[in-house]
Amino acid sequence: MTLTQTHRTIEAIWRMESAKLIGSLTRMLRDVGVAEDLAQDALVIALEKWQEIGIPDNPGAWLMTTVKRRAIDLMRRKKLRDQKHVEIAREMDLNHEEDIDQTLDGEIGDDLLRLVFMTCHPVLSQDAKVALTLRLLCGLTTAEIARSFLVAESTIAQRVVRAKRTLRVEKVPFEVPPKGRQRKERLSAVLEVIYLMFNEGYSATSGDQYIRPLLCQEALRLGRVLSEITPHESEVHGLVALMEIQSSRLKTRVSATGEPVLLMDQNRAKWDRLLIRRGLAALKRSQTLGSTLGPYALQAAISACHAEAPTAADTNWIRIAALYEALSRATPSPIIELNRAVAISMAFGPAYGLQIVDELSAEPSLKGYHLLPSVRGDLLFKLGRCEEARKEFERAASMTRNDREKELLLNRINECEYRGTN
Amino acid sequence: MRFLLIVKATEFTEAGIRYGRKYTDAVNAYKKTLARAGVLLAAEELHSSSSGIRILYPSHGGDPEITAGPFLVSQELIAGYTLIDVNSEDEATKWALQMPFPKGFGAFEIEMRKLKEETESVQDPITRAMEAELEDQTNI
Amino acid sequence: MKFMMIVKATTDSEAGVIPPQELIDAMQKYNEELVKAGVLLAADGLQPTSSGIRISYPEPGEKPKVTDGPFTESKELIAGYTLIEVRSREEAVEWALRMPDPHGYGQGEIELRQVYDVEDFIDNPETLEKEVTLRKQVAEQKKA
């Protein structure tokens with residue numbers, strides 16, 4: 001092996017282990033910032049040592065032992081300096097070398113769970129949660145995170161520093177919240193961060209295509225890890241199912257020339273069957289856990305309807321409309337209602353969809369929202385009311401500032417005029 | 001959200017007179033504090049306007065007029081800036097008020113401005129997904 | 001990126017001998033590790049080639065030749081596979097190294113192969129061109 005090859009191998013191993021290292025260290029030291037520093041030190045030590053002695057048989061355990069020794073040293077010094085820190089010392093039996101293999105399984109899962117609850121804690125801003133989660137749980141470098149979000153590296157670096165500081169100042173505990181409503185809310189915050197990461201990669205139709213899938217992959221990986229640690233949480237499986245199924249279409253939703261391809265026009269033969277199968281299995285797990293389906297499982301179920309249809313014409317719109325109805329009840333929002341209107345128009349005809357859209361027109365939160373006239377225009381067009389449709393598309397075009405959207409709407413306006421005069 | 005803390009030029013900076021060791025130390029300490037708090041994105045000092053030029057495009061069109069510095073201090077010149085990323089306007093104001101200023105060099109002015117953000121990156125992901133789905137379904 | 005860890009067949013696997021409990025346990029533990037790390041996509045074991053067939057095309061354009069198993073040359077045969085999704089080639093190698101010796105007695109062999117992604121094809125300008133022509137054709141057919 002060449003020197004750079006060894007270097008890359010060590011980095012890959014460290015990245016596989018880093019979240020576990022940081023988790024265990026945070027439990028010992030109660031400071032995620034110091035924990036991350038020590039985990040980074042372990043990489044430096046490994047790079048030095050392993051190039052000399054070769055990569056050990058069990059590199060994960062080697063890294064864990066190394067960082068734990070360092071943590072114990074640190075605590076001893078701290079204890080000497082400040083006798084008041086008995087509490088920290090109590091956390092760790094100093095005379096007892098832990099049997100790494102024994103603690104690996106259950107505890108590491110718990111540590112990862114505590115860690116993700118910490119990086120997604122409500123005291124942090126959404127941006128901070130995403131950056132810190134990618135850094136500490138996915139082991140991405142600040143440069144990689146910055147590239148994924150198309151922002152300056154210093155922005156991410158400082159965001160991470162600030163987030164760790166906030167956690168310290170606010171004395172956020174390293175724990176899994178107690179069962180009940182609080183746990184449910186905190187878990188949904190974690191899922192939101194993961195889905196945010198996924199969406200950021202998934203919705204990117206511009207920019208560097210090779211970098212953004214990184215976010216999808218990391219989100220999916222973290223979701224899969226989480227579903228393993230929390231096997232009884234329906235929504236975790238729901239989110240994993242949603243991400244698996246959406247990922248199955250990742251490569252068909254952009255054409256070879258970089259243009260977005262609508263779901264109905266995608267080449268279904270190219271959808272990744274393995275991911276669909278995994279998604280359906282996760283959805284089934286989520287459905288059999290006894291609770292009513294949450295928003296992620298419902299979205300996954302909608303996504304599954306598309307995945308299971310051999311052709312666009314085979315789509316079970318009646319079921320999709322029913323699922324949107326359930327989603328609308330789980331998280332009431334006018335945008336979901338708009339989606340329901342579209343599904344209903346596909347299932348029962350545009351006149352039924354239009355009825356719902358017209359009811360929504362009075363909704364104050366949709367005032368100035370370009371998708372309302374866009375959908376209305378689309379339904380009117382399908383009903384052959386081209387003149388009215390054109391007016392709606394024009395109204396929508398005047399509301400959006402996005403160039404791509406404007407262009408699409410302009411196309412629809414031309415279509416209306418063409419159809420209207422012929 | 002990001003804020004730009006602009007340090008205005010004075011007759012002293014324009015004449016190339018340093019504010020002295022004490023001020024420099026205070027500025028360095030301030031920058032360190034910002035970095036440790038995780039809010040510092042950039043901090044730069046500018047040369048006096050004598051090394052600058054101005055490009056003026058006349059209203060009637062035609063070639064731009066280029067004028068070499070130095071320019072007048074009364075024309076709102078900039079001597080330096082610090083770019084910070086904070087959670088609220090209050091926090092930005094707090095940092096701006098902590099910015100060091102030189103004593104014994106007359107009036108000193110700092111201007112705080114909020115940066116336009118390209119997109120609000122914080123959006124509920126479900127809403128975002130729903131919007132994408134809607135656009136997908138209706139070709140808009 | 002996806003990798004396939006292919007476990008080669010052995011005389012025992014071809015004979016349908018059930019592996020010792022120890023190995024089954026070790027493999028199960030290993031698969032659990034893969035799941036916990038969020039990298040496992042699929043893992044399956046194959047029945048011996050005695051239940052398989054081979055379809056070969058000795059003459060291009062002619063009818064295929066179908067041969068019933070079992071097949072010999074066990075080194076070339078496959079007994080199972082594990083599909084993983086990882087961040088780097090190095091990570092795939094590390095996981096492959098962590099897999100327990102699938103057989104023992106000096107016969108265990110794992111082969112690691114990277115799986116093509118659609119991007120790998122799209123990267124190629126020739127395929128890209130083909131894709132574009134194909135899309136155009138489809139679009140024209142739609143119009144017609």
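Below, chain A is the first sequence line, B the second, and so on; all start at residue 1.
Around CZ of A:Arg273, the count of heavy atoms belonging to other residues, nucleotides or ligands within 6.0 Å exceeds 12. Counting heavy atoms of neighbouring residues, nucleotides and ligands inside a 6.0 Å radius, atom NZ of C:Lys2 exceeds 12 of them. Atom CD of C:Glu111 sits in a crowded spot, with more than 12 heavy atoms from other residues, nucleotides or ligands closer than 6.0 Å. Heavy atoms from other residues, nucleotides or ligands lying under 6.0 Å from CG of A:Asp57 number 12 at most. Around the CD1 atom of C:Ile18, the shell of radius 6.0 Å holds no more than 12 heavy atoms that belong to other residues, nucleotides or ligands.
Among residues two or more places apart in sequence or in another chain, the side chain to side chain contact (heavy atoms under 4.5 Å, CB included) test is passed with A:Asp314 by A:Ala309, A:Pro310, A:Thr311. Residues that satisfy the ring-ring contact (aromatic ring centres under 6.0 Å, His included) test with A:Trp50, not counting sequence neighbours, are A:Trp62.
Using a 4.5 Å cut-off between heavy atoms, C:Arg89 does not touch chain A at all. Only the side chain of A:Asp272 comes within contact range of chain C, judged by heavy atoms closer than 4.5 Å. For chain A, no part of C:Leu97 is nearby; none of its heavy atoms comes within less than 4.5 Å. Of the atoms belonging to C:Val39, it is side-chain heavy atoms, and not backbone ones, that fall under 4.5 Å from chain A. Proximity to chain C (any heavy atom under 4.5 Å) is shown, for A:Arg221, by both the backbone and the side chain.
Remark: C:Glu85 CD to A:Leu274 CG distance equals 9.0 Å, nearest 0.5 Å. Rounded to the nearest 0.5 Å, atoms CG (C:Leu41) and CZ (A:Arg277) are 10.0 Å apart. Taking CG of A:Asn58 as the reference point, atom CZ of C:Arg98 lies at 7.0 Å (rounded to 0.5 Å).
Salt bridge present: C:Arg87 and A:Glu218 bring a charged side-chain N and a carboxylate O closer than 4.0 Å. A salt bridge is defined here as a Lys NZ or Arg NE, NH1 or NH2 lying under 4.0 Å from an Asp or Glu carboxylate O, and C:Glu90 with A:Arg8 meets this definition.
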- request: For side chain to side chain contact (heavy atoms under 4.5 Å, CB included), just list the numbers for A:Arg15 and C:Glu94, CA-CA rounded to whole Å, side-chain angles, deciding distance to a tenth of an Å, and then say yes or no.
  value: CA-CA 11 Å; A:Arg15 199 180 254 204; C:Glu94 180 59 25; over 6 Å; no

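Shortest non-hydrogen contact noted between C:Gly38 and A:Val225 is N-CG2, 3.6 Å. In this structure, A:Arg278 and C:Leu40 approach most closely via the heavy-atom pair NH1-O, 3.1 Å.
Put simply, the side chain of C:Ser88 does not reach to within 4.5 Å of the side chain of A:Met16, judged on heavy atoms.
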